[in-house]
Amino acid sequence: MRSREFSPPTRHRTLDATTVGRTLATDVVSYQRLGFGSTARPPPWPIPEDDFLGFCGTVYQAFKEAVDGLAGSDQDLFLADVRILDVLIQIGHSSATARKAEEYGLTLDVGPHAATYYRPDWGHLAIQHRVALARGSSIRSRVRRIKRRIGANPGVPLLRRLIGQTGPTALVVGHLSPMLEAYSVRQGWFVDNLDFATLWMDHDDRPLPPSLLDAIDTCAAKIVRACGDLGGEISIDDLKYAWIKRLQTLAGLTAGIQETVRPAGVLLGAGAPPFYRVLALANKRRGVPVIGTQHGHNAGHIVNDIICYNDYAVCTEYLCESTAAMHSAIDRAEIAVVPKVREITFSVIPNRWNNLRSRSATTRKKTTGKTAMIVGYNHSFRRAPTDVALFFSPRLDVELRMAKVLMSNGYDVIYKAHPEAPNEVDAIMRSSCQRVVRQPFIHIIDESDLLIFSYVSTTTFGEALMTETPIVVLEIEGQCWNASERVSLDSRCAWVKARLTNGLEIVFDPADLANAAMEAPMRRSDEYARRYLIPAGDIR
């Protein structure tokens, strides 16, 4: 695969350093506590988007270079704990935010969610894998394993599902998605999972070889320098201590996995923690196929996930919903920051989820009112490097302003809160909406005449494209799209142009939103759904 150096273009104006005497909310809890929302707006965020994305790019590039410099099982072990990068990015960003806030005369209100990164506990980070594995040894986790085995093999007699070991057995790690389920049925695999805690406790932590210690030294030094360039500070001694301890735990787990019976395959669900990735990589090295799938909806972005090697570098085969979606995934693999020598094939597999979605698209009731639904961001305390301004503060601010514009144009506004959004989001958004709902999107689509997306890297956007409901999308300058997908999306969605200014503020023209709301009903082509979401090529 061809890899690229991540170097984001300079396009966003930096913060006006004359801003003084304001308080900065660090998460949704402090955002509500400070009264931002209905009338007051937060001050500009002190770390501009270009600076943040440049920092993230340097961190991931350092990790990629370290992975490329390793070989064999050492490379697998280092690659398994890619999640530590996100933690280090959040800690670095938080440290830089605190320093810049002081420089600009801003008071920092550290909320309970953000405190994890503003006041990092390196000792806890070091034993995080140990704690997770030890927790897995409970009776409850063993019962959960049996329940998952029963649910994953619906065509197998109940007794065999309770006992296990019937025919070629595949191990599922993480969520068994409809695509993975369809793949296992096609292969004739019995699906089971492992008790990771037992595998690890038989071996406990293991010392690391010199090659891994050198890789940690080099990579940690680059990350600490990058944090300093951003304006923050990370203790290199604390970082290396935590990283080494985490990998020592994973090394012990690897030893236990190598003694297990070789499975027929490994089904890798999205969001799998590092010890699940250890299982996948250890078996991949034994010649076992590792099958992964796309998660959510990529929504036409060609580089919206610079860490897509979370999946690509672990799998031997990657499943997609359609031929067009497969080609888009291949495009991403060609330009993403992925380790070398990680070969992967891409394929398409029909599954029951597509059929359920296609049926819901044709059976929905038609509404007659003037109701707009804003599909909300998850508003976690993380600042994500996978798209422009994916952070709670600018997203809450722009969602509130969009709601007010829609209401002023005669719409009843529903806010669809993300299922993982903190409860404080509900109270904040009620100030500008008629209603806040948390039900699954597919159950409330009938209640809206217009759907508003401030971002598209969400499963809900794919669900929306399967319906006939008009869609408006906020497009921020700097987003990078797959040209082919964008043409199809243009025939389905109305767009509102936006840009970033004064640090991290998302600016749009209210008239553009009003015009897009009027234009959206005329854009109802199902071309995108037919090409990218339904393998059969039609909506039944």
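- Ser393 places no side-chain N or O within donor-acceptor distance of the main-chain N or O of Thr26, the cut-off being under 3.5 Å.
- Judged purely by atom type and a 3.5 angstrom limit, Arg401 uses its side chain to pair as donor or acceptor with the backbone of Ile506.
- Between the side chain of Gln479 and the backbone N or O of Ile476 there is at least one donor-acceptor pair closer than 3.5 Å.
- Ring centers of Phe52 and His93: under 6.0 Å apart, within the cut-off.
- Side-chain atoms of Asp27 do not come within 3.5 Å of backbone N or O of Phe381 as any donor-acceptor pair.
- Using modelled atom types, one finds a donor on one side chain and an acceptor on the other under 3.5 Å when comparing Ser328 with Glu485.
- Using the six-membered ring where Trp is involved, Phe346 and Tyr312 have ring planes that are perpendicular, over 60° apart on the 30 and 60° scheme.
- A donor-acceptor contact closer than 3.5 angstrom is absent between the side chains of Tyr377 and Glu399.
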### Task
Take Phe55 and Asp229, measure what side chain to side chain contact (heavy atoms under 4.5 Å, CB included) needs, and give me the verdict at the end.
CA-CA 8 Å; Phe55 167 61; Asp229 292 341; over 6 Å; no
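- For the residue pair Asp490/Trp495, the side-chain donor-acceptor check at 3.5 Å is satisfied.
- For the pair Arg430 and Tyr415, the cation-pi criterion (under 6.0 Å, within 45° of the ring axis) is not fulfilled.
- A distance-only check finds no donor-acceptor pair linking the side chain of Asp512 to the backbone of Phe508 [under 3.5 Å].
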### Task
With side chain to side chain contact (heavy atoms under 4.5 Å, CB included) as the test, would you mind laying out the steps for Ile445 and Leu451 before giving the verdict?
CA-CA 9 Å; Ile445 179 61; Leu451 296 170; 3.7 Å; yes
#### Entry: Full working for side chain to side chain contact (heavy atoms under 4.5 Å, CB included) between Glu505 and Leu500
CA-CA 5 Å; Glu505 181 183 358; Leu500 292 187; over 6 Å; no
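- Residues Leu319 and Leu180 form a side-chain contact, since some pair of their non-hydrogen atoms from C-beta on lies under 4.5 Å apart.
- Side-chain atoms of Gln90 and Asp86 form a donor-acceptor pair, as typed in the model, at a separation below 3.5 Å.
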### Query
Between Tyr411 and Ser448, does a side chain to side chain contact (heavy atoms under 4.5 Å, CB included) hold up when you go through it step by step?
CA-CA 10 Å; Tyr411 285 91; Ser448 175; over 6 Å; no
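- Ring pair Trp45/Phe391 is perpendicular by interplanar angle, where above 60° counts as perpendicular and below 30° as parallel.
- For Ser491 (side chain) and Ser488 (main-chain N/O), a donor-acceptor pair under 3.5 Å exists by modelled atom type.
- Leu489 has its side chain within reach of Trp481: a pair of non-hydrogen atoms, C-beta onward, lies under 4.5 Å apart.
- Closest heavy-atom contact between Leu400 and Ser432: CD2-OG, 3.6 Å.
- Each of Met429, Met407, Met402 was evaluated against Val413; a single residue qualifies, Met407, per the side chain to side chain contact (heavy atoms under 4.5 Å, CB included) test.
- The shortest side-chain heavy-atom distance between Val266 and Lys284 does not fall under the 4.5 Å cut-off.
- With Thr316 contributing its side chain and Val290 its backbone, the two residues share a donor-acceptor pair below 3.5 Å.
- Taking 4.5 Å as the limit, some side-chain heavy atom of Tyr183 sits within range of a side-chain heavy atom of Gln187.
- For the pair Asn283 (side chain) and Leu279 (backbone), a donor-acceptor distance under 3.5 Å is present.
- Side-chain atoms of Arg277 come within 3.5 Å of backbone N or O of Ala80 as a donor-acceptor pair.
- No side-chain heavy atom of Leu450 sits under 4.5 Å from any side-chain heavy atom of Thr371.
- In the model, Ser380 has no side-chain atom that pairs as donor or acceptor with a side-chain atom of Glu420 under 3.5 Å.
- Ion pair Glu475/Arg486 flagged as a salt bridge, since at least one NZ, NE, NH1 or NH2 atom sits closer than 4.0 Å to an Asp/Glu carboxylate oxygen.
- In this structure, Ser322 contributes its side chain and Arg531 its backbone to a donor-acceptor pair below 3.5 Å.
- In this structure, CD in Glu527 is found 12.0 Å from CG in Leu465, a value given to the nearest 0.5 Å.
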